[in-house]
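First listed ligand is number 1; within each ligand, the first listed atom is number 1. Excluded from the calculations below are hydrogen atoms, water molecules and symmetry mates; all remaining heavy atoms, backbone and side chain alike, are included.
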Amino acid sequence: MERALSTEEIKKERHQENEKALRDKLMSSSHQSSMAMKKVLTLVFVREPGRILLGMKKRGFGQGRWNGFGGKVEKGESITDGAKRELLEECGVTAKSLNEVGLINFEFVGDPVILEVHVFDTWDYMNSPVETEEMRPQWYGEKEVPFGEMWPDDEYWFPHMLNGKKFEAYYKFEGMDKILDSWIKEKTEQTS
Ligand SMILES: Nc1ncnc2c1[nH]c(=O)n2[C@H]1C[C@H](O)[C@@H](COP(=O)(O)OP(=O)(O)OP(=O)(O)O)O1
């Protein structure tokens, strides 16, 4: 008979899955590196007064971490259209409008490709969030954001976003958990 996994074993499995996803990403991005040194991605947060929608990533890059909704921008697609598409695909929500919140560049040791992540929020949306094969959505109070189960950079730039301040930031990672270098600067404009 199969034995239930302990919390430690589940964490270890998730860590191994994440390391594998990173290895796959490094392999595929270095393959493309002669053509493009930047990969453009989106990240969208649905907001309501006092709370924010996060999604538990169920597979692939960032598996086992709470995050916003987003992914790669496709060829011929604008960044905002890509952001709206990923939000709809990953949790069934349609953003009527998006606010630009931040721009983050991520570098990973051993990978020549920089991930350029465009961060948005929306207060103006249709449909209730639903679970999909990629994400399990859940509302969190702005003071209960689970930073211990998120990308380690999030705790540094979330406060800017939650306070309605635009920002630009840079994080250099070794593996999935260690930040070697970083900077963040707030821009003067408000997000909405
Ligand atoms: N460090 C960090 N903090 C916060 N958010 C992120 C990171 N690194 C990241 O990549 N992200 C965000 C940016 C994107 O929203 C996702 C990653 O997108 P990904 O799942 O690789 O893209 P998809 O196009 O959905 O992938 P597939 O569906 O093709 O597997 O995480």
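For atom 26 (O) of ligand 1, the choice among K72, M135, K57 with the nearest heavy atom turns out to be K72. Distances from atom 11 (N) of ligand 1 to the heavy atoms of N67, V119, L41 show the closest one on N67.
E186 has no carboxylate O lying under 4.0 Å from a charged side-chain N of K166, or vice versa, which leaves the two without a salt bridge. Taking 4.0 Å as the cut-off between side-chain N and carboxylate O, D177 and R65 count as a salt-bridged pair. With respect to the salt-bridge test (charged N to carboxylate O, under 4.0 angstrom), the residues E144 and R51 do not qualify. Between E134 and R59 a salt bridge is recorded (basic side-chain N to carboxylate O distance below 4.0 Å).
Within ligand 1, the atoms closer than 4.0 Å to a non-hydrogen atom of D153 are 1 (N), 2 (C), 3 (N), 4 (C), numbered from 1 in the order shown. Which parts of ligand 1 touch L43 is read off a 4.0 Å heavy-atom cut-off, strictly below it: atoms 5 (N), 15 (O). Near R59, the atoms of ligand 1 lying under 4.0 angstrom from a non-hydrogen atom of the residue are 28 (O), 30 (O). Short contacts between ligand 1 and E90, defined as distances under 4.0 Å to a heavy atom of the residue, involve ligand atoms 25 (O). Close approach to D154 involves these atoms of ligand 1, each under 4.0 Å from a residue heavy atom: 3 (N), 4 (C).
Only the side chain of F106 comes within 4.0 Å of ligand 1, judged by heavy-atom distances. Here T42 has backbone heavy atoms under 4.0 Å from ligand 1, and that is the only part of it that gets that close. Using a 4.0 Å cut-off between heavy atoms, E134 contacts ligand 1 through its side chain alone, with no backbone atom that close.
Relative ring orientation between F173 and F106 is described as tilted, the plane-to-plane angle lying within the 30° to 60° band. Ring geometry for Y140 against W66 counts as perpendicular: the plane angle is over 60°, on a 0 to 90° scale with 30° as the lower cut.
Through direct or relayed side-chain contacts under 4.5 Å between Ile, Leu, Val, Met, Phe, Trp and Tyr, W183 connects to Y170.
Assignment of M150 to the shell around ligand 1 is not supported, since no heavy atom sits closer than 4.0 Å. A heavy-atom separation below 4.0 Å is found between E86 and ligand 1.
Nearest approach of V101 to F120, heavy atoms of both residues: CG2-C, 3.7 Å.
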